[in-house]
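All chains are named by letter (A, B, ...) in the order of the sequence lines, taking the proteins before the strands, and each is independently numbered beginning at 1.
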Amino acid sequence: MVDAAAIARLRAAYSDELARAATAADVQALRDRYLGRKQGAVTALWREIAHASPEARPELGRLANDLKTHIDTTLSERRAALAPSKPSTPRLDLTLPARALARGSRHPLSALLERIEHIFARMGYEILDGPEAEDEYHNFEALNMPPEHPARDMQDTLYLAHPLATRSSHLATLLRTHTSPMQIRYMETAQRPVRIIAPGRVYRRDNLDVTHTPMFHQVEGLVVGEGITMGDLKSTLIGFLRQLFGEDRPVTFRPSFFPYTEPSADIFLGCTCRGAGCGVCKQTGWLEVLGSGMVHPAVFEAVGYDPERYTGFAFGAGIERLAMLLHGIDDIRLFYENDMRFLEQFPS
Amino acid sequence: MRVLVSWLRDLVDVPVAIDRLAADLHMRGFEVASIEPWHGGEVDDAVIDLEITANRPDCLSVAGIAREVSVLYDVPLRLPRPPASPDRAPALPITIEAPALCPRYVGALAEVSVGTSPAWLVNRLAAAGIRAINTIVDVTNYVLVELGHPLHAFDFEKLAGGELRIRLARAGESVTTLDGQRRTLDPQMLVIADRDHAQAVAGIMGGHGSEVSLGTRVIALESAYFQPQSVRRTSKRLGLSTEASYRFERGADPDAPLRALLRTCQLLEQLGAGRLRPGVADVQPSTLEPRVVSLRPARVGVVTGLHVGPGAVDPAEFERILVGLGFAVDATGKEVWQVTVPTWRVDVTREVDLIEEIARSVGYDRLPSTFPALHAPPAPPDPRLERQRVARDVAVGAGFAECVTFSFVERRAALAFADEADLVQLANPLSEQFAVMRPSLLPGLVDVVSHNRRRERRDVRLFEIGARFTVRGGETRGLALVWTGAASPQHWSGTGRQADLFDLAGVSSALGERFGVDLVCDPADIPYLVSGRAAHLIMKRNGAADQSGTPETDATVVGVIGQLVASVAEARELPANEAVLVAEIDLDRLGADIDANPVVRVEPLPRHPSVVRDLSMLVAADLPAASVRGTIRSVAPPTLAEVQEFDRYQGRGIPEGFVSLSVRLTFRAADRTLTDTEVQDAVDALVAALADRHAARLR
């Protein structure tokens, strides 16, 4: 006679057999044995329950139904677990090198020029561009350097064999020895307060060696207005140098001589050796980084500014020199050799 | 200027240690090149090597430095005071024939016995970097270092006629200078001559013919002032620079000649080496009036930022500084002082020069730090710089390494890229290697490719932005690109493809796009590029030309693109069998009147679907794709949104001389969905036109 205990025994027997089912065929055999429409054990249970007493029938029906659901679910689960899985996505060895992008690089000189331009642009400076082939007037005379001026010795000039007509409609006879001619051209037409920097290539008749090249880069700056003093020069250039080299670097000013400024000052940056003395600063603890001064009244006169009303300061730096100090480069020729092993150390 | 500290101490008290003295001089504007311990006599002695700027010839002497030290530490200066010579008729006849070039000539005779100098003198000269020769020469050199004034001694008995004439050289005249060189003079050069011959190049070097020797008994001493420009010019012409010319060309003290001569005689007597013959000649065709410069003490503040006046810097301090430096100050006018400039200060000509003297002595570190106020907004950056920046961004983004090469190149390298007549030559090049201005950026870049190839770099992508120079074009700014080797970086997953001209054209297209124009290739013959693999780069505005079907309007040649001919590559040591792809773009023309940062105006996004049709056709192999595209554009209705070539095939199944070209046509209208029929009509019309104009057959 069927009763609750018999159903429980059947359930336990099923659990044992399920635990032993290792293949899809075992699972199918189990399904046939328990749930088969003719010989299935649970199917047979239903037939017996039909003969049970009417009072016992609902409870036994519920238990049999639970068992059927249990077997159905667990068999499906087991079958899914045993089913052969779909072919998996092939494994990638992600420790292999990536496919590199073709990365370009900015030349350290133009990268530094751009950085300097940004620093001055933030201080409200206009950035100039101008011809590299110049005339004597803009390169020398207007800068207080008449033809026999000894200062012309300081910068041996490369001259063109024949005057060159240029798009900016001047007759060039030489390669500019500094970027100051741009400032002269600017002031000739501006006739008002100015705040400019003039970056670019300049040329001197220097033979190639560890610290000289016949072509190099400069940035020069000029601020003209009413009430501009040497104090303004000091804080501007201290600020510039600290933005470039770091806030903790000391800066000092020393009297110097340039034909186009008076008073003139050389500006020194404290060396990274912090005064201990090293090869870079030649044991002095200081690095000469900028030339500067108050605009010479003769320069104002040459461009038609009233030197009583206006004062101003000018400054200039060699970009190669700054780049060598920044990047620890000890041979200027590296900039012009363009060895890719060098260039690629400055990724963009 | 090498300054021996013990010598300096003869002229001024030095109240500090040598290191401190050097540091203080440094901060006064005399850059210290080196400090060298000196063991010549005194203990604790040193030579401080100072760099004297071109404006301060007065400091090319121990006395000049001593004067700076006296102001620096506010201590008295003790300059030598040689006794005056009795006023007699000049013993040496002197005639100045060129008074403009020699405003003053002091001369005298002295009986001498030439020997060797005492150790202390030899030591001091050695410290100054001068080799001792004999007592006479040594004493003149000693005075040169001490006072900064150059002198010269002639062997009087070798002077024909026993006289000196200061005159211009005669045409073809020559003189053998003390260094043994025979020098041919030109008639603009000033010489010191006897009755017959030049005996010295004035202010530069004496002549061999009247050189003082051990047998010399009487010397003619010269202490003169020569015009700086004249000495400078002659020195340059002869390629001869001496201690004397170095000082004269920067400007000697016109008041020094007599003093320097008397000091020389005083030393000769002290050494027992000579005795002045009374009667010093002092020929001065014109007298120099001392310069007087006005100074407004308040102006010192205007220029330096110092606060001048009560409670701040006292103008009396300015006066002390100027007087200490040898200026005579008349401060009776409170607002405006009259300052007389000492004759040795050739650099001081206007008020600002006095202000510098004051600022330098006060010390730059004492000037206040202020920041200049902005009174107007800054102007926008120069558009040329913006264009360069954009071009640089595009090239770097495309994987190119930026180079900077010299603007001058070898003539041979330049000739590959320009005619001889178009080359801009240098008058005084450093070497053959740098003889002409580059007509193009390419010769420099090609050499850089070669440099890197020799260093095991096979894949090279380089660019440069810079100026080019030609006689016809003047100075222009360009961008050049060079590409050789693989199209993409090497990877383990496969063998890379070599870069081709379509890769490079992709970079120029991207550049054009960035400027808001189309840069398209127009095949052309260019001497340095392989025929059939060369094109001009043509600028077309905004793709507008392409849209309207009139492709040739508003087109300008702005550059070239192609494969470098093997002969040029080989000449620069590149392998001939590997393609070197180059492009060069004129950034002045490309950007002449267009914005480097064009403002984007947004097109509405399509709201209706597009219809795509692919056409594959057989056309003649030499028919440019641009012609096919042009025909399609000219016939198609405005609904043709895009034409894209997607396949080009030659080979099996394609007749000889033909090519199969496949294009994808995308039709779209902004306001409706296109019907099949209207698209088919458009395609039919296209096909008919292609058959008609190019004998194209659909496949």
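- If you measure heavy-atom distances from A/Tyr203 to chain B, the contacts under 4.5 Å come from the side chain alone.
- Looking at A/Met294, only its side chain comes within 4.5 Å of chain B, counting heavy atoms on both sides.
- In this structure, the salt bridge (Lys or Arg N to Asp or Glu O under 4.0 Å) partners of A/Arg254, at least two apart in sequence or on a different chain, are A/Asp266, B/Glu31.
- Between the side chains of B/Ser450 and B/Arg454, at least one donor N or O lies within less than 3.5 Å of an accepting N or O.
- Within a 6.0 Å radius of NE2 in B/His491, more than 12 heavy atoms belonging to other residues, nucleotides or ligands are found.
- Using a 4.5 Å cut-off between heavy atoms, A/Ala98 contacts chain B through its backbone alone, with no side-chain atom that close.
- Options B/Pro489, B/Ala398, B/Ser493 differ in how many heavy-atom pairs under 4.5 Å they form with chain A, and the most are formed by B/Pro489.
- In this structure, chain B has heavy atoms under 4.5 Å from both the backbone and the side chain of A/Glu337.
- A side-chain donor-acceptor contact under 3.5 Å links B/Arg438 and B/Thr405.
- Between A/His107 and A/Phe342, the angle of the ring planes goes over 60°, which puts this pair in the perpendicular group of the 30/60° scheme.
- By the neighbour-count criterion of 12 heavy atoms within 6.0 Å, atom CD of B/Gln490 is sparsely surrounded, having that number or fewer from other residues, nucleotides or ligands.
- Residue contact with chain A, scored on non-hydrogen atoms closer than 4.5 Å, involves the backbone and the side chain of B/Phe371 alike.
- A donor atom on one side chain and an acceptor atom on the other are found under 3.5 Å apart for B/His451 and A/Asp339.
- Counting heavy-atom neighbours within 6.0 Å of A/Arg103 CZ, excluding the residue itself, gives a total of 12 or less.
- Shown here is B/Arg455, whose CZ atom has more than 12 heavy atoms of other residues, nucleotides or ligands within 6.0 Å.
- Using modelled atom types, no side-chain atom of A/Thr213 and backbone atom of A/Leu208 make a donor-acceptor pair closer than 3.5 Å.
- The choice from A/Asp206, A/Ile238, A/Leu158 that makes the most heavy-atom pairs within less than 4.5 Å of chain B is A/Leu158.
- Here the rule is side chain to side chain donor-acceptor pair (under 3.5 Å) with A/Ser110, and of B/Arg389, B/Gln388, B/Glu402 only B/Glu402 fits it.
- Contact annotation for A/Phe335: only backbone heavy atoms (N, CA, C, O) come within less than 4.5 Å of a heavy atom of chain B.
- Considering only residues two or more places apart in sequence or on other chains, B/Arg411 meets the salt bridge (Lys or Arg N to Asp or Glu O under 4.0 Å) condition with B/Glu420.
- Only the backbone of A/Leu101 comes within less than 4.5 Å of a heavy atom of chain B; no side-chain atom from C-beta onward does.
- Heavy atoms of A/Arg201 lying under 4.5 Å from chain B belong exclusively to its side chain.
- Interface check for chain A: of the options B/Phe30, B/Phe408, B/Phe434, the most heavy-atom pairs under 4.5 Å are formed by B/Phe408.
- Other residues, nucleotides and ligands contribute at most 12 non-hydrogen atoms within 6.0 Å of the CZ atom of B/Arg458.
- Contacts between B/Val352 and chain A at a heavy-atom distance below 4.5 Å involve backbone atoms as well as side-chain atoms.
- Of the atoms belonging to B/Asn452, it is side-chain heavy atoms, and not backbone ones, that fall under 4.5 Å from chain A.
- Proximity to chain B (any heavy atom under 4.5 Å) is shown, for A/Thr236, by both the backbone and the side chain.
- Only the side chain of A/Leu343 comes within contact range of chain B, with heavy atoms under 4.5 Å apart.
- Of the residues considered (B/Arg360, B/Arg457, B/Arg472, B/Glu351), B/Arg457 shows the highest number of contacts with chain A, using heavy-atom pairs under 4.5 Å.
- Between chain A and the residues B/Thr53, B/Asp459, B/Val448, B/Leu430, the largest count of heavy-atom pairs under 4.5 Å involves B/Leu430.
- Contacts between A/Leu96 and chain B at a heavy-atom distance below 4.5 Å involve backbone atoms as well as side-chain atoms.
- Heavy atoms closer than 4.5 Å to chain B are found nowhere in A/Leu174, neither backbone nor side chain.
- When heavy atoms are compared at a cutoff of 4.5 Å, A/Pro193 does not approach chain B at all.
- When each of B/Gly305, B/Pro372, B/Ser369 is checked for heavy-atom pairs under 4.5 Å with chain A, B/Pro372 comes out on top.
- Within the 4.5 angstrom heavy-atom criterion, no atom of A/Glu226 approaches chain B.
- Proximity to chain B (any heavy atom under 4.5 Å) is restricted, for A/Phe268, to the side chain, taken from C-beta onward.
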Self-check item: Trace of the ring pair (Phe, Tyr, Trp, His ring centres under 6.0 Å) decision for A/Phe313 with A/Phe258
Solution: CA-CA 12 Å; A/Phe313 65 84; A/Phe258 306 105; over 10 Å; no
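- Of the listed residues (B/Asp393, B/Thr304, B/Asn428), the one with the most heavy-atom contacts under 4.5 Å to chain A is B/Asn428.
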